[in-house]
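Structure first, then comments.
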Amino acid sequence: RDITNDKLRAVQVSEEKKKADQLLENMLPPSITRRLNNGEIIADYHEHITCLFADFCDFDDIVSSHSAESLVQLLNEIICSFDDLSIKRGVEKIKVIGGCFFVASGIPDYREDHAEAALLFGLDLLDNIGEYNSLHNTSIQLKIGINCGSVVAGIIGTTKLLYGIFF
């Protein structure tokens with residue numbers, strides 16, 4: 001009987017670990033998750049990357065013209081489509097703050113075509129927001145900035161982990 005309980009506990013612990021690992025992989029790049037699980041301190045210098053910032057134009061007007069629920073629904077629909085595009089182009093979503101969607105190309109894993117991937121991602125965003133506008137009869141516009149250079153990237157904090165980059 002004790003052996004059965006021990007096996008059951010081991011299975012439950014294993015299932016909970018899988019859930020926790022999956023949650024961590026949803027928050028962090030997989031290569032970073034593996035390193036973090038190995039006890040590494042994540043702090044890397046990247047010499048050649050490209051950052052892209054996509055801001056909603058007139059974001060304050062968008063916020064003030066929607067109820068809380070409709071604003072979150074609108075942003076969720078758009079940001080989820082941006083997330084899908086980031087996966088398609090292989091760029092790393094760093095953060096969404098207010099009306100700004102921030103990605104980096106070439107981290108955590110180097111890629112020679114980091115600038116091209118970021119540029120194509122930016123063009124995808126413009127196409128995507130155009131499709132959204134046509135579908136919803138809106139006129140949301142994006143302003144996009146791209147910069148190439150070097151950064152330090154790492155995990156900051158012990159709660160609500162953040163994979164951040166620092167210029």
Side-chain angles (χ1 to χ4, degrees), residues 19-34 36 42 44 46-157 159-167:
K19 288 179 187 176
D21 288 345
Q22 183 61 48
L23 182 60
L24 200 55
E25 285 184 15
N26 285 341
M27 295 170 37
L28 302 171
S31 63
I32 297 300
T33 300
R34 284 189 297 277
L36 198 58
I42 309 299
D44 301 313
H46 298 277
E47 190 170 356
H48 302 288
I49 70 137
T50 301
C51 293
L52 179 145
F53 297 86
D55 280 312
F56 290 92
C57 296
D58 302 317
F59 187 66
D60 290 343
D61 293 340
I62 295 170
V63 170
S64 65
S65 65
H66 288 79
S67 68
E69 185 177 317
S70 70
L71 176 66
V72 169
Q73 184 177 10
L74 176 148
L75 291 174
N76 188 57
E77 184 175 342
I78 293 172
I79 297 302
C80 285
S81 67
F82 288 5
D83 286 343
D84 291 342
L85 292 171
S86 71
I87 292 166
K88 172 186 165 191
R89 289 292 179 194
V91 298
E92 188 64 41
K93 176 180 167 184
I94 302 298
K95 184 183 274 198
V96 175
I97 302 174
C100 181
F101 190 84
F102 175 33
V103 300
S105 179
I107 64 167
D109 304 311
Y110 177 74
R111 60 185 294 175
E112 200 166 299
D113 68 338
H114 58 90
E116 180 181 354
L119 177 62
L120 292 172
F121 176 71
L123 293 172
D124 288 344
L125 293 180
L126 293 173
D127 288 343
N128 183 271
I129 206 69
E131 290 171 14
Y132 180 89
N133 285 333
S134 294
L135 185 63
H136 296 281
N137 195 30
T138 55
S139 58
I140 297 171
Q141 295 182 6
L142 294 175
K143 51 187 171 189
I144 296 175
I146 297 176
N147 190 40
C148 296
S150 59
V151 298
V152 171
I155 299 291
I156 303 299
T159 61
K160 297 186 182 185
L161 295 177
L162 169 67
Y163 180 68
I165 65 174
F166 313 96
F167 302 89

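Note that the numbering runs from 1 along the sequence shown for the chain. Note that the structure is a prediction, hence the values are computed from the model and not measured.
Of all non-hydrogen atoms in S86 and F121, the two that sit nearest each other are N-CE1, 3.3 Å. When all heavy atoms of I107 and E92 are compared, the pair lying nearest together is O-CB, 3.6 Å. Taking all atoms of both residues into account, the shortest heavy-atom contact from A118 to I146 is O-CD1, 4.3 Å. Looking at every heavy atom in both residues, A104 comes nearest to I165 through CB-CD1, 4.2 Å. Considering every non-hydrogen atom in both H66 and S70, the closest pair reads CB-OG, 3.3 Å. The two residues F166 and G154 come nearest to each other via the heavy atoms CE1-N, 4.2 Å.
Looking at R111, its side chain does come within 3.5 Å of a backbone N or O of G90 through a donor-acceptor pair. Checked by atom type and distance alone, the side chain of S105 pairs as donor or acceptor with a backbone atom of H114 at under 3.5 Å. The closest donor-acceptor contact from the side chain of N147 to the backbone of C51 lies at 3.5 Å or more, if one exists at all.
At least one side-chain heavy atom of L24 sits under 4.5 Å from a side-chain heavy atom of L161. Taking the side chain as every heavy atom from C-beta outward, F101 and I78 never approach each other to under 4.5 Å. In this structure the side chain of L74 never reaches within 4.5 angstrom of the side chain of T138, judged on heavy atoms. Within the 4.5 Å cutoff, the side chain of I140 has heavy atoms near those of the F56 side chain. Between V96 and L75, the closest side-chain pair of non-hydrogen atoms is not below 4.5 Å. Here the side chains of Y132 and S81 are not in contact, with every heavy-atom distance at 4.5 Å or above. At a threshold of 4.5 Å between non-hydrogen side-chain atoms, the residues I79 and F82 count as touching.
A distance of 9.5 Å separates OG1 in T50 from CG in D113, rounded to the nearest 0.5 Å. For the atom pair CG of L28 and CG of L36, the computed distance is 6.5 Å after rounding to the nearest 0.5 Å. The distance from atom CG of D58 to atom NZ of K143, rounded to the nearest 0.5 Å, is 7.5 Å. Rounded to the nearest 0.5 angstrom, I49 CD1 and Y110 OH are separated by 11.5 Å. One distance of note links SG of C57 with CG of L142; it measures 6.5 Å at 0.5 Å rounding. Considering CG of D55 and SG of C100, their distance stands at 4.0 Å, rounded to 0.5 Å.
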Worksheet item: Taking it one step at a time, do D84 and N128 satisfy side chain to side chain contact (heavy atoms under 4.5 Å, CB included)?
Response: CA-CA 11 Å; D84 291 342; N128 183 271; over 6 Å; no
Worksheet entry | Derivation of the side chain to side chain contact (heavy atoms under 4.5 Å, CB included) call for L52 and I144 | CA-CA 7 Å; L52 179 145; I144 296 175; 3.8 Å; yes
Worksheet item: Would L23 and K19 count as a side chain to side chain contact (heavy atoms under 4.5 Å, CB included) if you check the C-alpha gap in whole Å, the side-chain angles of each, and the deciding distance to 0.1 Å?
Response: CA-CA 6 Å; L23 182 60; K19 288 179 187 176; over 6 Å; no
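By the neighbour-count criterion of 12 heavy atoms within 6.0 Å, atom CD of E77 is densely surrounded, having more than that number from other residues, nucleotides or ligands.
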